[in-house]
Amino acid sequence: MRGGKIAILDCNNFYVSCERLFAPALENRPVIVLSNNDGCAVARSNEAKALGITMGVPFFKIRDLIKKHDVKVLSSNYALYGDMSARVMRTLAEMALNLEVYSIDEAFFDMSGFTGAGSIEHCKTIKATVQRNTGIPVSIGIGPTKTLAKAANRIAKKSPKTAGVLDLSSPRFMEKALAILEVGDLWGVGSRWAGRLNSHGIKTAAQLRDSNLTWVEKKFGTVLAKTVLELRAIPAIGLDSRGKAKKSITSSRTFAKKTSELSAIREAVASYTAIAGVKLRQQKLLARSVAVFIETSRFAPGQQRYKNSATFILPEPLSDTGSLIRYVLQLLETIYRDGFAYNKAGIMLLDLVSLHGQQRSLFSDHVQIAKNSRLMTAIDSLNQKMGRNTIHFGAEGLQSQGRVVKDRRSPSYTTSWSEIPQVLAIS
DNA sequence: TCTGGGGTCCTAGGACCC
DNA sequence: TCTGGGGTCCTAGGACCC
């Protein structure tokens with residue numbers, strides 16, 4: 001399908017923009033948002049990027065820089081970001097065809113009905129409407145393929161001339177853009193491949209596009225070969241992946257404090273299982289296998305490293321947290337070794353299948369399954385109404401909320417009744 | 001006892017994305 | 001001292017089967 005036209009909308013510095021909505025004092029100054037346990041910088045305002053703060057840099061390495069430039073530092077508030085994301089996507093859905101939400105802050109959509117100046121105009125309207133309705137600034141890139149739309153978006157974000165919207169459909173613009181774009185800035189080319197491509201003299205997007213397809217496929221595999229095709233305006237990554245079901249659900253955390261206690265790890269993985277179980281049921285899925293993994297720190301030179309995982313194929317597809325926890329805890333016993341300072345654990349729900357059209361095993365206990373299902377529905381709805389973790393399984397322990405430290409978290413303005421800003425009226 | 005080739009499934013690891 | 005979390009896809013190698 002040549003001659004397509006695809007756009008991608010991407011929220012600018014999304015987490016920082018969300019925080020700024022409720023704290024205008026954060027405007028026009030460097031701001032960063034940290035990962036769980038305040039470990040790394042996962043979002044930066046333009047001012048913070050200008051200071052050289054890179055994506056994913058550990059917080060302790062930029063302490064001095066932060067002090068010197070008075071950078072505002074926030075813990076992540078995923079409830080806020082998830083809620084704002086939903087608002088952006090709802091607004092976009094009213095104006096865009098074949099919307100494909102790609103991540104918390106990005107979505108592709110179909111622009112094949114628009115030509116020339118019409119596409120720019122339509123996307124400028126979208127940009128203004130999203131900004132007005134949600135307060136979130138966005139950029140939009142347009143191109144014949146997803147990869148080229150992403151490239152357009154990349155340039156739109158950086159170049160003030162574009163005013164946040166760039167259409168690379170015309171060959172003249174395209175040639176100019178690909179000649180200046182570095183391969184490492186392309187969607188699908190990470191730092192490893194960028195380095196290898198550079199060593200072969202391929203530095204720009206245009207050079208990658210014009211390289212030998214067979215050679216690329218042999219040296220780098222089918223994934224990068226698709227990128228080459230997309231750069232040649234030949235769609236190789238479909239738009240129509242809407243509503244595709246998840247294949248796995250993971251829940252894992254780095255601990256605030258290292259531990260070698262089996263009991264602490266049991267509580268941790270039990271609570272991760274509960275978190276993943278909620279997602280599983282929300283998506284009307286069942287898991288056919290479960291996995292658990294534990295590991296010691298990657299960054300502890302000299303210390304004995306241990307990491308291991310185990311997978312178990314369930315006797316039948318499951319979604320109730322109680323049963324999942326039982327299997328996970330049994331699995332944990334098989335990989336736990338005494339005497340290691342563990343800093344991370346996690347569980348995965350795998351081989352997910354749709355709840356509908358599932359055949360029950362001849363031997364399964366239908367009465368028990370129906371009971372579990374009613375119980376989980378009741379727990380899920382209570383937790384949704386009264387706040388997460390109102391009711392939880394005994395195996396999760398009492399501190400499942402306390403293991404992750406977020407000292408700098410903003411209030412959950414949009415999702416938690418108890419944290420709504422209070423206004424005191426004095427007459 | 002010797003032996004080939006092909007298929008499938010699983011796992012681990014590596015690359016990428018946000 | 002302090003280094004996130006949640007995904008996808010591909011590939012290579014081993015086990016196993018016929």
Side-chain angles (χ1 to χ4, degrees), chain A residues 8-15 32-43 53-64 66 73 75-78 81-82 85 100-108 146-147 150 153-154 183-197 217-227 236-238 241 244-258 272 275-276 279-280 283 289 291 293 295-301 303 307-313 341 343-352 403-407:
Chain A
I8 181 152
L9 172 143
D10 189 321
C11 300
N12 300 346
N13 315 327
F14 183 56
Y15 296 173
I32 63 171
V33 175
L34 300 177
S35 63
N36 273 338
N37 293 318
D38 294 341
C40 317
V42 291
I53 298 176
T54 52
M55 179 67 180
V57 65
F59 181 46
F60 70 88
K61 287 192 178 172
I62 51 173
R63 280 236 162 87
D64 293 344
I66 279 164
V73 179
S75 300
S76 43
N77 182 346
Y78 293 108
Y81 312 147
S85 171
E100 181 197 333
V101 177
Y102 174 66
S103 74
I104 192 164
D105 69 338
E106 284 175 78
F108 289 101
K146 283 185 167 180
T147 302
K150 287 282 271 186
N153 190 291
R154 177 105 193 176
V183 278
D185 287 339
L186 284 169
W187 186 48
V189 182
S191 60
R192 294 289 166 85
W193 286 357
R196 279 178 58 197
L197 285 166
E217 178 156 9
K218 209 157 99 188
K219 281 265 181 190
F220 295 85
T222 56
V223 175
L224 193 64
K226 280 186 183 174
T227 299
I237 303 169
S241 38
K244 60 180 175 224
K246 278 233 173 67
K247 294 180 176 172
S248 68
I249 294 173
T250 304
S251 180
S252 71
R253 296 286 182 279
T254 299
F255 304 147
K257 247 196 231 157
K258 290 177 189 161
Y272 306 155
I275 291 167
K279 288 189 191 169
L280 187 69
Q283 297 173 39
S289 30
F293 60 91
E295 59 187 80
T296 58
S297 174
R298 308 189 323 248
F299 306 98
Q303 276 195 25
K307 68 186 271 202
N308 206 349
S309 69
T311 308
F312 181 72
I313 299 173
N343 84 322
K344 184 175 182 175
I347 68 100
M348 292 169 152
L349 306 179
L350 304 161
D351 300 318
L352 308 185
R403 272 185 292 270
V404 173
V405 176
K406 295 189 174 191
D407 287 338

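Order of the sequence lines sets the chain letters (A, B, ...), proteins ahead of strands, with each chain counted from 1. Just the heavy atoms: all of them, side chains too, but no hydrogens, waters or symmetry mates, feed the values below.
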Check: With nearest nucleotides of DNA chain C determined for A:Arg298 and A:Ile249 from heavy-atom distances, which residue corresponds to the more 5′ nucleotide?
Finding: A:Arg298
Next item on the list: Give one of base, sugar-phosphate or nothing for A:Val57, where a contact means two heavy atoms less than 4.0 Å apart.
Entry: nothing
Item checked: Any residue meeting ring-ring contact (aromatic ring centres under 6.0 Å, His included) with A:Phe59, in chain and number order, not counting sequence neighbours -> none
Notebook entry, point to check: Looking only at atom C1', what distance separates C:dC16 and B:dG4, rounded to whole Å?
Noted result: 16 Å
Note to self: Need one value for A:Lys258: base, sugar-phosphate or nothing, where a base atom within 4.0 Å counts as base even if backbone is also close, heavy atoms only.
What the structure shows: sugar-phosphate
Check: How are the rings of A:Tyr102 and A:Phe108 set relative to one another: parallel (under 30°), tilted (30 to 60°) or perpendicular (over 60°)?
Finding: perpendicular
Checklist line | Nucleotide interval of DNA chain B bounded by contacts with chain A (heavy-atom cut-off, under 4.0 Å) | finding: B:dA15 to B:dC18
Check: What pairs with A:Phe60 under ring-ring contact (aromatic ring centres under 6.0 Å, His included), at least two apart in sequence or on another chain?
Finding: none
Check: Residues in side-chain contact (heavy atoms from CB on, under 4.5 Å) with A:Ser85, at least two apart?
Finding: A:Phe14, A:Met89, A:Ile104
Next item on the list: Begin from the C-alpha positions of A:Gln303 and A:Thr296 and carry the test side chain to side chain contact (heavy atoms under 4.5 Å, CB included) through to its verdict.
Entry: CA-CA 9 Å; A:Gln303 276 195 25; A:Thr296 58; over 6 Å; no
Note to self: What's A:Ser191 touching, base or sugar-phosphate or nothing? Going by heavy atoms closer than 4.0 Å.
What the structure shows: sugar-phosphate
Note to self: Using every non-hydrogen atom in the two residues, find where A:Asn343 and A:Ser297 come nearest and quote the distance to one decimal.
What the structure shows: OD1-N, 3.3 Å
Check: Looking across every strand, which nucleic acid part, if any, lies under 4.0 Å from A:Leu186 by heavy atom: base, sugar-phosphate, or nothing?
Finding: sugar-phosphate
Note to self: Classify A:Phe220 by what it touches in the nucleic acid, base, sugar-phosphate, or nothing, heavy-atom distance under 4.0 Å.
What the structure shows: nothing
Notebook entry, point to check: Can you list the stems that include DNA chain C, where a stem is three or more consecutive Watson-Crick or G-U pairs with distances under 3.5 Å?
Noted result: B:5-18 with C:5-18
Next item on the list: With heavy atoms under 4.0 Å as the rule, sort A:Ser297 into base, sugar-phosphate or nothing.
Entry: nothing
Check: Just how far is it from atom CG of A:Leu352 to atom CD1 of A:Ile249, taken to the nearest 0.5 Å?
Finding: 5.5 Å
Note to self: The criterion is side chain to side chain donor-acceptor pair (under 3.5 Å); which residues satisfy it with A:Ser103, sequence neighbours excluded?
What the structure shows: A:Asp105, A:Glu106
